[in-house]
A.B. asks: 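If you scroll down you'll find the structure; I have some questions about it.
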2 protein chains.
Amino acid sequence: MEAAVRIAARGRPDGLTGRALGEELGADRSAVWRHFADKDGLLLAVGDRLLVMASGRVAEGLGPRQRLEALARAVVDVFEAHPYVGAAIACRTTRGPGEFALVEMMLAALGELGLQSRDVARYQRMLADSVLAYAGMCAGYAVLPKQVQDADERAWVREYSNADPKRYPAIAALAPQLAATDDDMVLDTLLEAFWLAVDARARNTAIPTPSQGGRRA
Amino acid sequence: MEAAVRIAARGRPDGLTGRALGEELGADRSAVWRHFADKDGLLLAVGDRLLVMASGRVAEGLGPRQRLEALARAVVDVFEAHPYVGAAIACRTTRGPGEFALVEMMLAALGELGLQSRDVARYQRMLADSVLAYAGMCAGYAVLPKQVQDADERAWVREYSNADPKRYPAIAALAPQLAATDDDMVLDTLLEAFWLAVDARARNTAIPTPSQGGRRA
DNA sequence: ACCTGAACACCGTTCAAGT
DNA sequence: ACCTGAACACCGTTCAAGT
């Protein structure tokens with residue numbers, strides 16, 4: 001497992017293959033499949049380790065909002081730092097301790113923010129899927145060869161600035177704002193929008209009773 | 001291109017490989033690379049076609065909110081219906097007419113909803129990335145063998161219901177709500193939260209001046 | 001119990017040779 | 001101009017054979 005995480009952390013060109021794992025451990029590449037049922041089992045195990053690493057990065061003593069922000073950023077960072085596994089595992093349920101820790105942390109934090117329990121479950125699932133999907137997307141991008149990454153990035157600055165104003169008036173009008181984008185902006189905006197939505201939702205459905213799950217008056 | 005979309009639509013077990021495309025067209029599999037520079041070029045071209053299909057599904061005459069909802073759902077549906085390509089392309093910039101149509105439609109709709117132009121660009125990028133990432137995640141799930149999908153799905157109902165209440169109190173308390181989840185809930189909740197955030201943002205920064213980009217009084 | 005080494009079917013990619 | 005067919009290096013997976 002440690003060797004697998006090490007290989008996954010090597011980044012772009014290297015995938016986590018049986019051959020690479022065998023070499024790292026000084027064994028034949030087919031020996032890996034004595035310890036994991038198949039490639040899927042290996043990826044699930046390493047993927048859950050990534051989630052353990054991410055939830056372990058959340059500092060103690062933070063408020064619910066900061067805890068969720070730290071967790072979201074940690075998931076994206078860890079997936080980007082282990083891109084091959086991150087891209088492969090974002091759509092899966094690892095069912096391991098890492099996933100449980102992440103879900104538990106999210107549910108507890110959302111409960112503290114004043115949402116009803118039905119909304120806590122819905123918003124947790126939505127936030128978890130959004131963050132995992134976004135992290136998987138970032139990881140998928142990080143796996144690409146550097147020259148492909150550069151071509152994709154340039155497109156946003158160059159090709160969108162030259163869009164035909166007749167066919168694409170909104171793009172042409174907003175080209176400067178579209179080009180002025182840094183890497184963290186998307187996740188920042190996603191979290192900003194999430195807090196606005198949680199606040200609005202908590203305000204609309206708030207029950208002033210101090211006891212939990214207060215009944216209708 | 002039509003043959004490639006057809007193969008991509010065959011769904012789960014079939015990937016869009018050179019061999020499959022050659023067979024579909026009655027040609028040798030290596031003949032494909034006369035028409036596309038490499039696998040990446042093929043995927044980008046087919047991926048942009050998926051975006052053309054998605055934006056073409058948005059009905060005429062809808063308001064900005066319904067237009068954006070229709071577009072988001074169409075992207076997820078089309079990616080799920082062409083899962084191999086959807087999963088491969090979600091993290092890319094296709095730079096084709098499909099992507100331009102999608103960005104243009106989103107920017108125009110968000111502008112009509114009362115956001116400042118700086119927020120329009122930020123929220124468009126955030127929504128587009130969120131929807132594409134989520135669609136890519138759904139597509140990645142759809143590519144998996146059916147038995148792996150079933151195992152993942154059962155986990156949410158079964159293993160989360162049996163979580164240890166001492167280690168995972170929030171999961172144990174909310175297990176029924178976590179299990180009661182249908183496929184559309186995540187995207188519905190994401191869009192609900194997006195509207196709450198857009199409304200809050202438009203309210204906070206609204207400038208009553210009818211002219212664009214009004215200066216500070 | 002664990003590893004080796006060879007085999008298999010499948011990839012993308014390349015290239016000399018055809019038409 | 002376009003296709004063929006063979007080759008190459010790389011996958012995951014399997015299995016008889018070793019220790």
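Order of the sequence lines fixes the chain letters, A, B, ..., with proteins taken first and strands second; residue numbering starts at 1 for each chain.
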A.B. asks: Is the shortest distance from a Lys or Arg side-chain nitrogen in A/D150 or A/K146 to a carboxylate oxygen in the other one below 4.0 Å?
C.D. replies: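 Salt bridge between A/D150 and A/K146, a charged N being under 4.0 Å from a carboxylate O: yes.
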A.B. asks: Rounding to a whole Å, what distance do you find between A/D28:CG and D/dA16:P?
C.D. replies: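 That distance rounds to 17 Å.
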A.B. asks: Given D/dC3, D/dT14, C/dC2, identify the nucleotide with an atom nearest to the side chain of A/R34.
C.D. replies: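 The answer is C/dC2, which lies nearest to the side chain.
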A.B. asks: Does the structure show a Watson-Crick or G-U wobble partner for D/dT13, both distances under 3.5 Å? Name it, or say none.
C.D. replies: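 For D/dT13, the partner nucleotide comes out as C/dA7, under the 3.5 Å rule.
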A.B. asks: Salt bridge or not for A/D40 and A/R92, using N-O below 4.0 Å?
C.D. replies: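 Yes, this pair counts.
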A.B. asks: Using whole Å, report how far CG of B/L21 lies from C1' of D/dC3.
C.D. replies: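 After rounding, the reported distance stands at 14 Å.
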A.B. asks: Is a donor on one side and an acceptor on the other found under 3.5 Å between the side chain of A/Q149 and the backbone of A/Y141?
C.D. replies: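 Side chain of A/Q149 to backbone of A/Y141: a pair is present.
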A.B. asks: Is a donor on one side and an acceptor on the other found under 3.5 Å between the side chain of A/E99 and the backbone of A/R95?
C.D. replies: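 Yes.
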A.B. asks: When you measure from the side chain of B/R19, which nucleotide among D/dT13, C/dC10, D/dT4 comes out closest?
C.D. replies: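 Side chain of B/R19 sits closest to C/dC10.
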A.B. asks: Of the nucleotides C/dA7, C/dG12, C/dC3, which has the atom closest to the A/A31 side chain?
C.D. replies: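 It is C/dC3.
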A.B. asks: Between A/T17 and D/dC11, does any side-chain N or O lie under 4.0 Å from OP1 or OP2?
C.D. replies: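 Yes, A/T17 has a side-chain N/O under 4.0 Å of OP1/OP2 on D/dC11.
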A.B. asks: What nucleotide, of C/dG5, C/dC3, D/dT4, holds the atom closest to the side chain of A/S30?
C.D. replies: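 For A/S30, the side-chain atoms sit closest to C/dG5.
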A.B. asks: Watson-Crick or G-U wobble partner for D/dG18, using a 3.5 Å limit on both distances?
C.D. replies: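 By the stated definition (distances under 3.5 Å), C/dC2 pairs with D/dG18.
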A.B. asks: Would you mind telling me which of D/dG12, D/dC2, D/dG5 lies closest to the side-chain atoms of B/H35?
C.D. replies: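 Comparing D/dG12, D/dC2, D/dG5 against the side chain of B/H35, the answer is D/dC2.
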A.B. asks: Nearest heavy atom decides the nucleotide; on that basis, is B/V32 or A/L16 closer to the 5' end of DNA chain D?
C.D. replies: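 Its nucleotide being nearer the 5' end, the pick is B/V32.
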A.B. asks: Between C/dG12, D/dT14, C/dA7, which nucleotide has the shortest distance from any of its atoms to the side chain of B/K39?
C.D. replies: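 Given the options C/dG12, D/dT14, C/dA7, the side chain of B/K39 is closest to C/dG12.
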